[in-house]
Protein chains: 2
Amino acid sequence: MTPAKTRTPRNTLSAELIVRTALDLMETKGLDAFSLRGVAAALGVGPMALYTYFRNKDDLYDAVRDHLMALVPDVPADVPWPDQVRAVCRGLRTLMLEHPCLAQLLSGRPLSGHETARTAEGLLGVLRSAGFDKETAARTHTTLFTYVLGSTSWEIQMAAERRDPDAWRRLRTTMESLSSAEFPTVVGLAPELARTTGGDEQFDYGLDLLLAGLEAKVRRPA
Amino acid sequence: MTPAKTRTPRNTLSAELIVRTALDLMETKGLDAFSLRGVAAALGVGPMALYTYFRNKDDLYDAVRDHLMALVPDVPADVPWPDQVRAVCRGLRTLMLEHPCLAQLLSGRPLSGHETARTAEGLLGVLRSAGFDKETAARTHTTLFTYVLGSTSWEIQMAAERRDPDAWRRLRTTMESLSSAEFPTVVGLAPELARTTGGDEQFDYGLDLLLAGLEAKVRRPA
DNA sequence: ACCTGAACACCGTTCAAGT
DNA sequence: ACCTGAACACCGTTCAAGT
């Protein structure tokens with residue numbers, strides 16, 4: 001009457017369960033320490049069991065990334081377009097901060113995936129509605145996306161650094177060893193530079209620069 | 001009378017030779033396929049010989065990155081400051097395109113190193129001379145640097161994609177499978193989006209947006 | 001189809017030892 | 001100091017086999 005054998009796992013595996021377990025490991029131990037064998041061990045199966053659901057490691061990376069991109073919030077309606085742009089960019093940044101592996105997954109792998117397309121659709125729609133022509137909308141989308149990706153990746157990288165006592169000490173040593181004769185500006189601006197390696201204020205500063213350039217473009221189009 | 005034994009390598013190793021060999025392998029086989037054992041094999045020594053010159057793999061990464069950052073050109077004198085900013089950003093981008101591993105080395109590892117400081121010194125000096133206060137200069141430097149890093153990393157990533165027939169085919173398939181009902185803007189702007197995944201024009205578009213925002217700031221400071 | 005187990009060709013790094 | 005050689009604890013992936 002018990003159809004399931006005593007062999008522990010029996011059809012308990014699924015693509016979604018693997019993705020969730022993989023994401024969990026990436027966030028716990030870091031993307032660099034992530035391994036297929038680790039996922040398999042966490043699930044209590046042999047490494048080869050995963051190959052039924054994913055063709056290889058990269059395929060699993062893509063699935064995890066698309067899983068995360070589904071969490072990007074929708075574009076808010078009924079606000080001016082610059083605020084819509086701000087909301088999308090901040091939403092993507094917040095998601096990357098919550099899931100640091102996402103930054104690496106986005107910069108290290110091709111885009112592909114419907115969820116990535118959904119995010120692009122939202123931002124492109126805003127830009128087209130704001131009156132930008134096709135070419136400008138596409139260029140602006142790429143600019144905004146790469147700015148968010150670059151600035152947030154850098155922020156995450158620096159935050160990880162600060163947490164690693166060894167790396168942090170080495171960075172401090174390097175900074176202090178810089179002669180103020182050779183690097184007067186860097187040395188003189190050390191406190192300001194330390195303050196601008198991340199944070200909402202720094203992110204918004206760059207985003208506002210881009211938006212200021214965009215609004216000037218709207219007022220007198222090229 | 002022949003003091004050197006017949007054992008082939010004898011004091012032929014040096015930190016610089018290892019760095020040059022490592023860089024060569026990174027560019028030939030890609031950073032992902034790069035390994036310490038590969039460097040050792042290329043030099044005809046055992047893997048452990050490298051540990052005399054570098055504490056570990058990350059230490060070698062840092063050395064390669066600093067070696068490349070030394071190639072960033074100096075800031076041109078006697079031109080208006082926006083052109084100086086443009087020159088620095090384009091110079092960094094060009095170097096990253098010539099040495100694709102640099103993009104990954106910059107986003108994946110802490111900054112450290114005198115050559116990185118030299119590049120920062122150049123750009124920060126320009127911004128301070130242009131009249132920006134310390135805080136704004138530091139924020140602008142971080143914004144520009146992360147923009148260059150993000151946009152160029154993305155460009156390199158996409159170019160690598162296009163070269164891999166398998167990945168390229170999969171990307172095309174994904175794009176074509178997007179329903180124009182669900183993603184009308186993405187589908188409608190497909191050719192424009194394909195055109196903006198890289199190139200000097202796309203890079204300058206974003207850079208000019210940032211500069212337009214900056215020049216507005218100079219005219220009426222916050 | 002779903003999963004196992006052994007095997008292959010790799011890794012970075014430690015440790016003890018040689019010169 | 002500079003380098004070797006064996007060893008440890010890992011990888012992703014292939015292949016043949018079981019159910």
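Throughout, a chain's letter reflects where its sequence line sits, starting with A, and its residues are numbered from 1. As the structure is a computational prediction, the values presented were derived from the model and not from experiment.
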Next item on the list: Examine distances only and state if a side-chain atom of B/R118 and a backbone atom of B/V72 form a donor-acceptor pair shorter than 3.5 Å.
Entry: yes
Item checked: Distance in angstrom units between A/K29 NZ and D/dC10 C1', rounded -> 12 Å
Margin query: What is the separation between atom OH on B/Y53 and atom P on D/dT4, rounded to the nearest whole Å?
Written below: 10 Å
Margin query: Classify A/T52 by what it touches in the nucleic acid, base, sugar-phosphate, or nothing, heavy-atom distance under 4.0 Å.
Written below: base
Next item on the list: Using both distances under 3.5 Å as the test, list the Watson-Crick or G-U wobble partner of D/dC8, or none.
Entry: C/dG12
Note to self: Closer than 4.0 angstrom, basic N to acidic O: yes or no for B/R86 and B/D208?
What the structure shows: yes
Note to self: Using a 4.0 Å heavy-atom cut-off, does B/Y51 contact any base of the nucleic acid, only the sugar-phosphate backbone, or nothing at all?
What the structure shows: base
Notebook entry, point to check: How close or far is atom P of C/dC2 from atom CG of A/L17, stated in whole angstroms?
Noted result: 14 Å
Margin query: So that I can tick it off, tell me whether B/R139 and A/E201 are bridged by a salt bridge, with the cut-off set at under 4.0 angstrom between side-chain N and carboxylate O.
Written below: yes
Margin query: Given D/dT4, D/dT13, C/dT4, identify the nucleotide with an atom nearest to the side chain of A/N56.
Written below: D/dT13
Notebook entry, point to check: So which nucleotide from C/dT13, D/dT13, C/dT4 ends up closest to the side chain of A/V45?
Noted result: C/dT4
Check: Hey, is A/R90 close enough to A/D200 for a salt bridge, meaning N to O under 4.0 Å?
Finding: no
Item checked: Nearest-nucleotide comparison on DNA chain D, the residue closer to the 5′ end among A/A33 and A/R55 -> A/A33
Next item on the list: Write down the distance between CD1 (B/I18) and C1' (D/dC3), rounded to a whole number of angstrom.
Entry: 11 Å
Margin query: If you only use heavy atoms from C-beta on, which nucleotide in C/dC3, C/dG12, D/dT14 is closest to the side chain of A/M48?
Written below: D/dT14
Next item on the list: Would you kindly give the CG-to-P distance between B/L36 and C/dT14, to the nearest whole Å?
Entry: 11 Å
Check: Whole-Å distance between D/dG12 P and A/L31 CG?
Finding: 12 Å
Note to self: Nearest whole Å is fine: how far is C/dG12 P from B/F54 CZ?
What the structure shows: 14 Å
Item checked: Euclidean distance for P, D/dA9 against C/dA9 (whole angstrom) -> 22 Å
Next item on the list: Examine distances only and state if a side-chain atom of A/S153 and a backbone atom of A/G150 form a donor-acceptor pair shorter than 3.5 Å.
Entry: no
Margin query: Can you tell me which nucleotide in C/dA7, D/dC2, D/dA7 comes closest to the side chain of B/R37?
Written below: D/dA7
Check: C/dG12 P sits how many Å from B/D58 CG, rounded?
Finding: 11 Å
Check: In terms of side-chain heavy atoms of A/S35, which of D/dT13, D/dA7, D/dG12 is nearest?
Finding: D/dG12
